[in-house]
Amino acid sequence: MAAAKALTLVEVDRDGVSPAFRADVLKGLSEPQKAVPARWFYDEAGSRLFEDITQRPEYYPTRAETEILTDRCAEFRELIGPGRAVVEFGSGSSVKTPLLLGCIDPAAYVPLDISGDFLRASAESLADKFPGLPVHPVEADFMRDVALPEAVANLPKLGFFPGSTIGNMVARTAVDLLRTMRATLGEGSQLLIGMDLIKDPGVLEAAYDDAAGVTAAFNLNLARRINTELGGTIPLESLRHVARWNDDFARIEMHLEATRGFAFEVAGRRFEMAAGETIHTENSHKFSRRSSFTLLLAGGWTPRCRWLDTRERFSLILADATVPRSAP
Ligand code: AVI
């Protein structure tokens, strides 16, 4: 029953502040390594800055993934086939989603997103591009089990999770999400997922610290948001954007580093930063063929086909929902 499953949306209290944002920030700033979850980057300004990041010459993932979607259309059509309900985790990119839908002749499109505004805008533009394709937007937190619309209950599903967003999660959260996706999509489903590749740290660090300073502005926007929404007094001019490769965990980390020592308040609580101390704001994990396959298998998905762009920077993987087996 669709109505039986609760959807978790970002709630706001009477001052228009999300209690979850306040709780995450206060908890994260109290840890020995200060940290704020990356999901709070995406207010309106942050979402606009992210769109701008994808246009930067140093930020290759969007172009590389788009190239794969363009070049491998015939293979997607053959391996995925027509008649599936495409369930996109996130509200859909105006470029990538039409490329996929145009290839595979789906029976329906179901974008899932926590932000109703983005969802409605992208669902409308999709419906214009594909007249006749049933579009069923669902406002939901896809990190939790989601009830799909009754209209697609009997259709085979293809989950679509582009952009290497899975890389923004630590392994335990990524596995939980993959398992939740499998439960949402059901038996016989497939998943097409983008996973960025391990490469020269110099290339990676440049992709997350572009010369025009857009990624720096994106990172600093989080501190600005803390100030405006949570009554913060962080001196923004004393923070600098840092993007560094962590080889042990195969990830780019973004931090906000204090250029001098200072004290500040957030929601009436006092915090301090020493010069050189950082607030950890994002992980972007990168994968090898094996590590991507291991993650998918742990999440209940069997990799079936893997495509790279011509410069071998990014991978798109098609996986099948695994039927659990008790023996090798
Ligand atoms: C959304 N996500 C996949 C982006 C990434 O590459 O990890 C977010 C981002 N952060 C800085 N640049 C892009």
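Remember, it's a predicted structure, so these values are computed and weren't measured experimentally. Below, all heavy atoms of this structure are taken into account, side chains as well, without hydrogens, waters or symmetry copies. In this chain, numbering begins with 1 at the start of the sequence shown. Counting starts at 1 for both ligands and their atoms, following the listed order.
- Close contacts of ligand 1 with Ser164, meaning ligand atoms under 4.0 Å from a residue heavy atom, involve 3 (C).
- Between the side chains of Tyr208 and Ser284, at least one donor-acceptor pair of N or O atoms lies under 3.5 Å.
- At a 3.5 angstrom cut-off on N or O pairs, Ser284 counts as close to ligand 1.
- Under a hydrophobic-cluster definition in which Ile, Leu, Val, Met, Phe, Trp and Tyr are linked whenever side-chain heavy atoms come within less than 4.5 Å, directly or via other members, Met254 and Ile279 are assigned to the same cluster.
- In Tyr60, neither the side chain nor the backbone holds a heavy atom less than 4.0 Å from any atom of ligand 1.
- The closest protein non-hydrogen atom to atom 4 (C) of ligand 1 is Tyr59 OH, 3.5 Å.
- Counting atoms of ligand 1 from 1 in the listed order, those under 4.0 Å from a heavy atom of Tyr42 are 1 (C), 8 (C).
- Annotation: Asn168 places an N or O atom under 3.5 Å from an N or O atom of ligand 1; distance criterion only.
- Heavy atoms of Pro61 come nearer than 4.0 angstrom to ligand 1 in no pair at all.
- Not one N or O of Thr165 is nearer than 3.5 Å to an N or O of ligand 1, by distance alone.
- A heavy-atom distance below 4.5 Å is found between the side chains of Glu229 and Phe21.
- Of all protein heavy atoms, the one closest to atom 8 (C) of ligand 1 is Glu282 OE2, 3.3 Å.
- Here Phe50 has side-chain heavy atoms under 4.0 Å from ligand 1, and that is the only part of it that gets that close.
- By heavy-atom distance, the residue among Tyr208, Phe218, Phe41 lying nearest atom 5 (C) of ligand 1 is Tyr208.
- With salt bridges taken as basic N to acidic carboxylate O contacts below 4.0 Å, none links Glu75 and Arg77.
- Taking the charged nitrogens against the carboxylate oxygens, Asp117 and Arg120 do have a contact shorter than 4.0 Å, which makes a salt bridge.
- Contact detail for Gly46 and Asn221: the closest heavy-atom pair is N-ND2, 3.4 Å.
- Counting the atoms of ligand 1 from 1 in the order shown, those under 4.0 Å from a heavy atom of Gly163 are 3 (C).
- Within the 4.5 Å cutoff, the side chain of Leu191 has heavy atoms near those of the Met181 side chain.
- A donor-acceptor distance shorter than 3.5 angstrom exists from the side chain of Asn219 to the backbone of His255, with no hydrogens or angles considered.
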